[in-house]
Amino acid sequence: MTMPFYAPPEQVMKDKADYARKGIARGRSLVAFRYSGGIAIVAENTSSTLRKVSEIYDRIAFAGVGRYNEFDQLRIAGVRHADLKGFAFSREDVDARSLANAYAQSLGQVFTHEVKPMEVEILVAEIGLEAGGGDDQLFHILYDGTVVDEDDWVVLGGETEEISERFEDALPGSPRSLADGVRAAVAALAGPDRTLSAASLEAAVLDRSNGRRAFRRLTDEELAPILDL
Amino acid sequence: MSLPRFGPHDDPGPNFAALLRLTRSGSGTAAPGPVEHQPLAPPEIPHGTTCVAVRYDSGVVLAGDRRATAGHLISNHRIEKVFPADRHSGVAIAGAAGPSAEMVRLFQLQLEHYEKVEGTPISLEGKANQLGQMVRANLPAAMQGLVVVPIFAGFDTVASKGRIFEYDVTGGRYEERDHAATGSGSLHADTVVKLGFRPSMTRSAATDLVLDALFVASDADSATGGPDPVRDVFPVVAVIDAGGYQRLEDAELRRRTERLLRRHRTRRETDRGGSS
């Protein structure tokens with residue numbers, strides 16, 4: 001009879017984390033930040049049909065990096081969670097915090113109990129009801145279920161340190177305009193050696209002035225003049 | 001609430017109603033089930049009544065009166081029967097008020113849910129079919145007296161025109177070319193619309209026509225409420241065109257209603273003057 005090899009739990013967790021991080025680093029990154037009118041999310045994405053950023057609920061948006069099929073599955077689960085909750089209770093009872101917790105539970109469960117962790121990092125963003133954006137929220141959730149409540153901006157994906165440094169330098173202080181924020185985000189994502197055109201970007205906003213459903217995609221035609229400045 | 005996740009074999013896809021059925025045992029709240037017991041005589045529950053829809057040159061006007069009745073009593077003076085379904089469509093419902101409101105809520109959510117999950121909205125025809133399935137699902141309740149009969153109207157962004165769909169209790173879906181009416185006063189309302197309808201009407205003319213139709217219906221049908229300038233109660237009127245669903249303001253409706261009443265009064269006076 002063969003005996004299973006003993007592997008210390010530290011080693012197992014480390015291996016899983018390394019595996020997940022490697023998978024996430026292979027994909028392209030994204031940046032989210034608060035601006036005067038709401039929250040903007042800018043991702044590097046050459047596909048115009050396979051989305052990284054999408055709408056979850058009236059004031060909640062989702063963004064994911066890493067393996068597309070995995071974060072898209074999470075996105076759909078999030079839409080279901082929100083719609084079921086809004087139907088059972090009321091629309092105003094749907095909030096990002098409970099959704100972020102549900103994601104964290106789910107990702108943590110997969111990380112500890114299943115053979116393969118999910119190679120994703122996700123963002124749940126919500127704009128609050130305050131006009132000044134004082135109660136906007138950005139939840140950054142990692143592959144192992146760790147939740148980070150970000151304050152003003154966040155970078156998801158590989159090379160986050162480099163991108164964060166560049167973004168922090170380029171980002172004007174708050175309150176900032178959408179255009180300034182987008183330019184800083186694109187410069188940070190591109191780095192010193194590349195330039196990114198509107199076609200290779202995916203951007204969306206949660207816009208306080210957009211009515212009940214605050215989520216809105218920025219088209220290439222809207223992005224191009226911002227980047228040209 | 002935990003994150004609802006499914007395997008590839010039992011995934012409900014973009015269908016919210018199916019999702020609701022799958023999760024009903026789990027979440028335990030609010031999911032509407034069929035009415036189980038069969039009462040001998042149905043209790044007198046609030047019913048909403050007359051709604052009309054008229055196509056005009058660049059869209060559709062959808063309108064409904066404001067009265068709900070339970071038996072011989074008026075149970076509500078300000079009920080609303082016309083709702084946005086999504087950005088480019090609306091639904092007007094006649095029938096048992098409770099199930100109607102529930103159906104509208106589920107329908108609105110179904111359209112939005114699909115749009116979010118799939119990343120693209122359902123076609124107008126698809127939306128009309130969805131509503132038909134919901135009316136069909138309500139048939140057992142309808143047999144017990146909880147009838148729900150909607151009108152669905154929207155702007156077809158592909159064909160670039162307004163379209164109207166009528167239903168029967170079995171979920172039968174019929175596209176109407178120009179106009180439709182539902183509810184207890186629909187016979188009278190539809191006659192007025194039929195006589196007043198002209199191809200390629202303006203939005204203003206179509207709005208006046210639906211107001212007139214509801215006014216006449218309220219004259220002949222006790223379950224249809226007329227305009228009430230004293231209490232500031234006017235029909236709910238929505239226009240749907242390329243720009244989307246828009247509910248008309250009460251100020252505009254008051255102005256149009258006053259003009260309508262004046263016209264009816266003048267007509268009576270001229271008639272009387274002519275006969276003497």
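Throughout, a chain's letter reflects where its sequence line sits, starting with A, and its residues are numbered from 1.
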Contact class of A:Phe215 relative to chain B, heavy atoms under 4.5 angstrom: neither
A:Thr112-A:Lys16 side chain donor-acceptor pair, cut-off 3.5 Å: no
Cation-aromatic face contact B:Arg105/A:Phe87, 6.0 Å, 45 degrees: yes
Heavy-atom pair count under 4.5 Å with chain B, highest-scoring of A:Arg80, A:Arg213, A:His81, A:Lys85: A:Arg80
Nearest heavy-atom neighbours spanning B:Ala97 and B:Ile79: CB-CD1, 4.0 Å
A:Arg51, part contacting chain B, at a heavy-atom distance under 4.5 Å: neither
Contact class of A:Arg212 relative to chain B, heavy atoms under 4.5 angstrom: side chain
Chain B contact via A:Ile56 - which portion, at a heavy-atom distance below 4.5 Å: backbone
Chain B contact via A:Gln105 - side chain, backbone, both or neither, heavy atoms under 4.5 Å: neither
Matching residue for B:Phe152 among B:Val60, B:Leu131, B:Asn129 - test: side-chain contact (heavy atoms from CB on, under 4.5 Å): B:Leu131
Ring centroid separation B:Tyr245 to B:Phe83 under 6.0 Å: no
